[in-house]
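Let me begin by presenting the structure, written as structure tokens, before commenting on it.
Quick note on labels: first sequence line is chain A, next is B, and so on, each numbered from 1.
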Amino acid sequence: MYGNTELITVSSPHFHDGSSGQRIMLDVIIALLPAAIAGVVIFGMKALLLIVVCVATAIVSESLFDVIVRKKNTVKDLSAIVTGLLLAMNLGVDVALWEAVVGTVFAIVFVKCIFGGLGKNFANPAITGRVFMIIAFGSVTTFTNPSCVDLVSGATPLAELAQGAMDRLPSIGQMLLGLHGGTIGETCIVALAAGWIYMSVRKVIKWYVPLSFIATVFVLFLVFTGSPVYAFYEILSGGLFLGAIFMATDYVTTPITVSGKVVFCICAGVITFIIRKFCALPEGVSFSILIMNILTPYVEKLTHNVPLGGTGNGK
Amino acid sequence: MLFKKKISAVHVPHCKSTQDMHSVRIAPPESVTIPMSMHSGVPAVPVVAAGDHVFIGQLIAKEGEGRVSSPIHASVSGTVTAVSDKSVSIKSDGKMEKDPSLKAPKLETLDDFLDGCRRSGIVGLGGAAYPLHGKWEAVRKNRIETVLINGAECEPYCTADNRTMVENADDIRKGISILQKFVGAKEYVIGIEANKPEAIAHLTEYFKDDSSVIVKTLESVYPQGAKQVLLWNATGKVVAAGQRLASLGVIITNVTTLAKMAQYFETGMPLVDKCVSVDGSAVKEPKNVVAPIGTSFRELIEFCGGFKCEPGRVIEGGPMMGRAIASLDEPVVKATNGLVAMSREDSVVVEPTACLHCGKCVEACPLNLNPVAYSKALDIEDEDKREAILRKEDVPQCMECGCCAYVCPAHRPLVENNRKAKKFLRGRKK
């Protein structure tokens, strides 16, 4: 006869949809893989080495931090791997390995762990790591062209656009496949879009959140230049897809409501446009996301849900 | 207002394997233990003493003094063995003899109707267990346009309301006739989730000649049967915090409550038994069991062939809002509608991980609340600040439906925290 052991008395609900934070992170990694593989194909084995070094550094630095602060090891939540992978994909292939190591340690330890770990950081670790490296080492934003293509110059499409050198731009086909200068993971639009679709289907993100970022940039450039082709090149380059799909959708550092996430992305799109158009920097995705990370609490205040039948004071 | 046209909901597995099983009456239990607090409001006060002989339907506890209460009646015939202010125990004589003095109560005026509701001992059987007369008292002061009859039954496993609709449509009709006479609402909407086709077909056919009764098919999503959700989906109205539903011209009543009410006015037999869906991965032969109130859960399980494996969580009610019981010796109460025994494997408690701030709880909340904010607020040391945030974020509106915790990838105890937050606010009021 069963039923003589103690019953488990826990709070309702007693059902769960089976999701887990770890599974979500795994989905993000799976979604990043096509673009990471494309990066290795386009930029060669040096890209793979850089990815391996960043991921390994992320795992080791998070583990060491946990040991030092006597915390349970948190590597198995997979978020460190996501950060390492994302950061590597945000670097040019010629970045020195030691610089990548320093950048990753900065991202993991100083952006995430010291704020209390996953869920407590206010800025996206990979983005902040990259911005740190841009400031600390000049090499991050110097790109070499992939060896497999023969382009006129070593400048990125964005730099060419900024100079108005439309004739030196790669073809649209090259842009979609990622056969041009840029960071390891940002160039292959087709592979990034595959990750976008995968994460939307797996309900990790809402498909329209990255779209609102990309569309804002497109519309602003279209209105400003009147050239759909120009606007199209703008959205296909400079890591906009990588940032919009994978970093502007980071749960921790973006607003909690869906409307807030869309507002976040539209604002980030506007800032990207302003930086690209009016500032000395040719690209603005990283900075715009970082700025919006900081503004997230305000966006949340603006986009607070009105409870059904509630007082609505929260707004 | 910014709320969405479509209320958020989650898709939970229905698990309604007992849906087509005709209800069966349990063999007379050897004894019953009837709690004095089976309803919301003040506990009832026993009027019998140990050694007294009682019949089924005989009053054993009168209404407690205070805001609202409900009388309690013997559910088996036999001898009272123990009486305390918490419960009354009766040893059954096995005869299940009804009180011979029971007869249909007078039902001519609104006062008769309300008095009958009071004497019937019936409470809201959908889960809230609010005494019946307390609800209908509102017709004195409010003009009721619509009576919403809740047959949504959105909790997984629970099919007792479905059985009422399929087996006791006659009682539902009689109940509506009574309401038509004393409440005088224009329309009577029976809301049923689409996953109960038999009940929908049966009642649609049953009421096809009565234009004031509308059988409304609702989407099978959780928590379709919640007051605010049903109200919005069936009428498009919203009841604000602190507002009485009746002031909107609407009263919601559970379909089984209505049927029990009709039975009382027909026979004079108060609420003494309840149909309970006994199911779950640890139950050998799931059944819809009609059991006298006070029957132990152990007897219900034994009546269903016992456990087929070691149970982990045994839940009174459904798995979304039900309470995990500590002991199988606890009794069936008036509002018990399900008993779900989950196997050990299905009962594993997953360790919570860090909140990812993903917003899935916010997205899932049918009332557009912000569960993650409540959990965060509970960590604030300054009690005034904590109170201010919790009030601002409308935590008292939370109905503990469980959608937030159901979807939380970090397995945070969100419902538990919401309960703590609500309790904290209640404590601050004093």
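- Using a 4.5 Å cut-off between heavy atoms, B:Met320 contacts chain A through both its backbone and its side chain.
- Looking at A:Ile24, the atoms closer than 4.5 Å to chain B (heavy atoms on both sides) all sit in the side chain, from C-beta outward.
- Applying the 6.0 Å contact sphere to OH of A:Tyr198 captures more than 12 heavy atoms from other residues, nucleotides or ligands.
- The side-chain heavy atoms of B:Arg313 and A:Leu7, taken from C-beta on, include no pair separated by under 4.5 Å.
- Between B:His411 and A:His16, the ring planes are parallel. Angles under 30° get that label, and only those over 60° would be called perpendicular.
- Looking at heavy atoms from C-beta onward, A:Met25 lies in side-chain contact with B:Leu356 at the 4.5 angstrom threshold.
- The number of heavy atoms from other shown groups lying within 6.0 Å of CZ (B:Arg244) does not exceed 12.
- The CD1 atom of A:Ile205 lies 13.5 Å from the SG atom of B:Cys358; values are rounded to the nearest 0.5 Å.
- For B:Pro366, the part lying under 4.5 angstrom from a heavy atom of chain A is the backbone only.
- In this structure, the portion of B:Lys308 lying under 4.5 Å from any heavy atom of chain A is its backbone and not its side chain.
- Contact annotation for A:Val258: only side-chain heavy atoms (C-beta onward) come within less than 4.5 Å of a heavy atom of chain B.
- Heavy-atom pairs under 4.5 Å with chain A peak, among B:Leu369, B:Val10, B:Val407, at B:Val407.
- Heavy-atom pairs under 4.5 Å with chain A were tallied for B:Gly312, B:Ala240, B:Ala282; the largest tally goes to B:Gly312.
- Closest approach of B:Pro409 and A:Ser19 over heavy atoms only: CA-OG, 3.4 Å.
- Residue contact with chain B, scored on non-hydrogen atoms closer than 4.5 Å, is absent for A:Gln22.
- Side-chain atoms of A:Ile8 and B:Val349, non-hydrogen and from C-beta on, do get closer than 4.5 Å to each other.
- Proximity to chain A is limited to the side chain of B:Val372, based on heavy atoms less than 4.5 angstrom apart.
- Contacts between B:Cys398 and chain A at a heavy-atom distance below 4.5 Å are absent for every atom of the residue.
- At a 4.5 Å heavy-atom cutoff, the contact between A:Lys261 and chain B is made by side-chain atoms alone.
- No side-chain heavy atom of B:Tyr222 sits less than 4.5 Å from a side-chain heavy atom of A:Phe15.
- Under a 3.5 Å cut-off, the side chain of B:His357 and the backbone N or O of A:Tyr251 do form a donor-acceptor pair.
- Neither the backbone nor the side chain of A:Ser259 comes within contact range of chain B, judged by heavy atoms closer than 4.5 Å.
- Across all non-hydrogen atoms, the minimal contact from A:Thr9 to B:Ala324 is CG2-O, 3.6 Å.
- Closest non-hydrogen pair, A:Asn305 versus B:Asn368, comes out as CB-O, 3.5 Å.
- Looking at B:Arg419 and A:Ser11, their side chains do bring a donor and an acceptor atom within 3.5 Å of each other.
- When heavy atoms are compared at a cutoff of 4.5 Å, B:Cys355 approaches chain A solely by way of its backbone atoms N, CA, C and O.
- Between B:Ile7 and A:Leu308 there is a side-chain heavy-atom pair separated by less than 4.5 Å.
- Among the candidates B:Cys408, B:Ser327, B:Pro413, the residue making the largest number of heavy-atom pairs closer than 4.5 Å to chain A is B:Cys408.
- Classification of B:Glu363 and A:Lys206 as a salt-bridged pair holds, one side-chain N sitting under 4.0 Å from a carboxylate O.
- The candidate with the highest count of non-hydrogen atom pairs below 4.5 Å against chain A, out of B:Ile325, B:Thr353, B:Ile315, is B:Ile315.
- Note that the NE2 atom of A:His304 and the CD atom of B:Glu393 stand 3.0 Å from one another [nearest 0.5 Å].
- The candidate with the highest count of non-hydrogen atom pairs below 4.5 Å against chain A, out of B:Pro396, B:Cys361, B:Gly402, is B:Gly402.
- Using a 4.5 Å cut-off on side-chain heavy atoms (C-beta onward), A:Pro307 and B:Leu367 make no contact.
- In this structure, CZ on B:Arg323 lies 11.0 Å from OG on A:Ser12, to the nearest 0.5 angstrom.
- Proximity of a side-chain donor or acceptor of A:His14 to a complementary backbone N or O of B:Gly322 within less than 3.5 Å is detected.
- Among B:Pro319, B:Cys404, B:Pro156, the residue with the largest count of heavy-atom pairs under 4.5 Å with chain A is B:Pro319.
- By the 6.0 Å contact criterion, NZ on A:Lys71 is enclosed, its count of non-hydrogen atoms from other residues, nucleotides or ligands being greater than 12.
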